[in-house]
Amino acid sequence: VQLQASGGGLVQARGSLRLSCAANERMFSNYRMGWFRQAPGREREFVGAISWSGGSTSFADSVKGRFTISRDNAKNTVYLQMNSLKPEDTAVYYCAATRVTGATMAQFYEYWGQGTQVTVSS
């Protein structure tokens with residue numbers, strides 16, 4: 001599975017961005033898709049994930065209520081909608097794929113995209 005993340009950029013605080021992650025795998029719908037982020041000097045952290053069907057999502061407490069995840073299995077694409085952005089959301093965002101149900105830890109994700117930079121100015 002190859003993943004290509006896009007949609008990052010510079011946005012002001014309280015603004016919105018939507019990240020996309022496209023997969024080249026025709027069996028995309030078999031994978032749980034997750035988003036992670038890594039800020040300079042910090043460890044990679046879980047942001048959120050969506051089940052293979054799209055019927056279940058989970059989020060880190062730091063983004064709950066502000067971020068949503070959706071997927072379009074016909075387009076092999078998963079989306080991260082980020083609203084009410086804060087400067088502390090600044091990081092490189094990565095999408096990842098796993099066949100482990102309910103996984104929120106990076107170690108369980110098999111495939112990773114290249115990352116896209118999100119910068120939130122105050």
Side-chain angles (χ1 to χ4, degrees):
V1 178
Q2 290 185 332
L3 303 174
Q4 180 74 36
S6 62
L10 175 64
V11 63
Q12 289 187 332
R14 296 179 296 280
S16 298
L17 273 178
R18 188 177 81 156
L19 306 184
S20 300
C21 176
N24 72 341
E25 173 58 59
R26 66 182 178 87
M27 301 301 288
F28 172 78
S29 60
N30 289 347
Y31 291 88
R32 173 180 175 86
M33 298 300 296
W35 286 95
F36 292 78
R37 66 187 182 186
Q38 187 166 18
R42 302 188 64 175
E43 292 188 355
R44 190 170 299 189
E45 65 175 355
F46 173 76
V47 174
I50 187 167
S51 63
W52 64 270
S53 68
S56 175
T57 56
S58 61
F59 295 94
D61 287 345
S62 59
V63 306
K64 204 170 290 184
R66 299 188 297 123
F67 291 10
T68 59
I69 296 176
S70 60
R71 66 190 296 161
D72 184 340
N73 286 343
K75 296 182 178 179
N76 288 353
T77 303
V78 62
Y79 305 96
L80 177 67
Q81 178 67 44
M82 305 184 293
N83 299 327
S84 302
L85 283 161
K86 304 175 181 180
E88 51 263 44
D89 293 318
T90 295
V92 176
Y93 283 71
Y94 299 88
C95 60
T98 181
R99 281 179 270 199
V100 177
T101 301
T104 60
M105 297 177 69
Q107 66 193 77
F108 295 117
Y109 283 75
E110 305 166 57
Y111 305 102
W112 291 82
Q114 85 289 1
T116 185
Q117 176 71 46
V118 172
T119 303
V120 185
S121 63
S122 58

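Numbers for residues simply follow the sequence, beginning at 1.
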Distance (rounded to the nearest 0.5 Å) between Phe28 CZ and Thr77 OG1: 6.5 Å
Sidechain N-carboxylate O distance under 4.0 Å for Asp61, Lys64: yes
Whether Arg32 side chain and Thr98 backbone form a donor-acceptor pair below 3.5 Å: no
Point-to-point distance, once rounded to the nearest 0.5 Å, from CZ of Arg14 to CG of Leu85: 11.0 Å
Distance-only side-chain donor-acceptor flag, Tyr79 / Arg18, under 3.5 Å: no
Main-chain N/O of Phe46 paired to Arg37 side chain as donor or acceptor, under 3.5 Å: no
Joint cluster assignment, Phe59 & Val118, ILVMFWY side-chain distance < 4.5 Å: yes
Non-hydrogen atoms of Ala5 and Cys95 that approach each other most closely: CB-SG, 4.1 Å
Side chains of Thr104 and Ser58 in contact at under 4.5 Å (non-hydrogen atoms): yes
Greater than 12 external heavy atoms within 6.0 Å of Glu43's CD: no
Test item: Asn76 side-chain N/O and Asn24 main-chain N/O as donor-acceptor pair under 3.5 Å: no
Cluster link Phe108 to Val78, ILVMFWY, side chain under 4.5 Å: no
Point-to-point distance, once rounded to the nearest 0.5 Å, from CG of Asp89 to OG of Ser62: 7.0 Å
Heavy-atom pair of closest approach, residues Ser84 and Ser16: N-OG, 4.3 Å
Gln81, CD atom: more than 12 neighbouring heavy atoms under 6.0 Å: yes
Nearest heavy atoms of Ala49 and Ile69, plus distance in Å: N-CD1, 3.2 Å
Interatomic distance, Gln2 atom CD to Gln114 atom CD [nearest 0.5 angstrom]: 11.0 Å
Distance in Å, Ile50 CD1 paired with Ser56 OG, rounded so as to fall on 0.5 Å steps: 8.5 Å
Separation of Arg99 CZ from Asn30 CG (nearest 0.5 Å): 7.5 Å
Same cluster (ILVMFWY, side-chain, under 4.5 Å), Tyr94 and Tyr31: no
Parallel, tilted or perpendicular: ring planes of Tyr109 versus Phe36, cut at 30 and 60 degrees: perpendicular
Whether Tyr93 and Phe67 hold their rings parallel, tilted or perpendicular, with breakpoints at 30° and 60°: tilted
Which atom of Ala97 lies closest to which atom of Leu3, heavy atoms considered: N-CD1, 3.9 Å
Gly8 backbone acceptor or donor facing Thr116 side chain under 3.5 Å: yes
Cluster check Val92, Trp35: I/L/V/M/F/W/Y, side chain < 4.5 angstrom: no
Co-membership, hydrophobic cluster, residues Val47 and Met33, 4.5 Å side-chain: yes
Check: Thr90 side chain, Val120 main-chain N or O, donor-acceptor pair, under 3.5 Å: yes
Considering all heavy atoms, the nearest Ser51-Arg71 contact: O-NH1, 2.8 Å
